[in-house]
Amino acid sequence: MKNLLIYYILILAPLGILFWLNKVDLINGNMFVGLFLFYAIIYRTYTDGKRLADKNIIKTKDIWKMIIPGSRLEHFKELYLK
């Protein structure tokens with residue numbers, strides 16, 4: 001996942017689908033909140049950690065550490081700009 005365009009598609013597409021499902025009433029409010037929390041905590045932690053691990057910035061076994069507040073900010077430039 002070294003390609004920046006693919007990374008942005010992977011982090012934005014599920015969010016767009018989630019909001020679309022909510023707009024057309026295919027999921028209720030509780031399901032939306034649950035899926036949004038899953039996206040924010042589990043999915044984004046894994047995708048951000050996987051990107052950094054693929055770029056050899058962190059080790060694969062340290063992907064879970066991306067859940068710690070501030071760790072994404074520490075690697076902001078590598079995640080979103082390079």
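These values consider heavy atoms only, across backbone and side chains, with no hydrogens, waters or symmetry-generated copies. Positions are given from 1 along the sequence.
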- Query: When you look at Arg72 and Arg44, which way does the side-chain contact (heavy atoms from CB on, under 4.5 Å) test go after all the steps?
  - Reply: CA-CA 10 Å; Arg72 284 186 184 95; Arg44 283 301 305 275; 3.6 Å; yes
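- Rounding to the nearest 0.5 Å gives a distance of 13.0 Å between CD1 of Ile6 and CD1 of Ile11.
- The shortest heavy-atom contact between Glu78 and Leu52 is CB-CD2, 3.9 Å.
- The number of heavy-atom neighbours closer than 6.0 Å to CZ of Phe32, taken from other residues, nucleotides and ligands shown, is above 12.
- Between Gly49 and Ile58, the shortest heavy-atom contact is O-CD1, 3.7 Å.
- Here CG of Asp48 is found 3.5 Å from OH of Tyr7. Values are rounded to the nearest 0.5 Å.
- By the rule that hydrophobic residues join a cluster once side-chain heavy atoms approach within less than 4.5 Å of another member, Tyr8 and Met66 end up as members of one cluster.
- Transitive grouping of hydrophobic side chains (ILVMFWY, heavy atoms separated by less than 4.5 Å) brings Tyr43 and Leu12 into a common cluster.
- Separation of atoms CG (Leu4) and CG (Leu81) is listed at 8.0 Å; rounding is to 0.5 Å.
- Note that NZ of Lys50 and NZ of Lys55 are 14.0 Å apart. Values are rounded to the nearest 0.5 Å.
- No path of Ile, Leu, Val, Met, Phe, Trp and Tyr side chains, each step under 4.5 Å between heavy atoms, connects Ile41 with Trp64, placing them in separate hydrophobic clusters.
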- Before giving the answer on side-chain contact (heavy atoms from CB on, under 4.5 Å), spell out for Thr45 and Lys65 the whole-Å C-alpha distance, their side-chain angles and the decisive distance to 0.1 Å. CA-CA 8 Å; Thr45 297; Lys65 291 182 182 178; over 6 Å; no
- In sequence, state the C-alpha distance, the side-chain angles, and the governing distance for Leu35 and Tyr39, and then conclude on side-chain contact (heavy atoms from CB on, under 4.5 Å). CA-CA 6 Å; Leu35 289 172; Tyr39 169 82; over 6 Å; no
Review item, side-chain donor-acceptor pairs of residues 15-22, under 3.5 Å, at least two apart:
none

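- Separation of atoms CG (Asp62) and CD1 (Ile68) is listed at 9.5 Å; rounding is to 0.5 Å.
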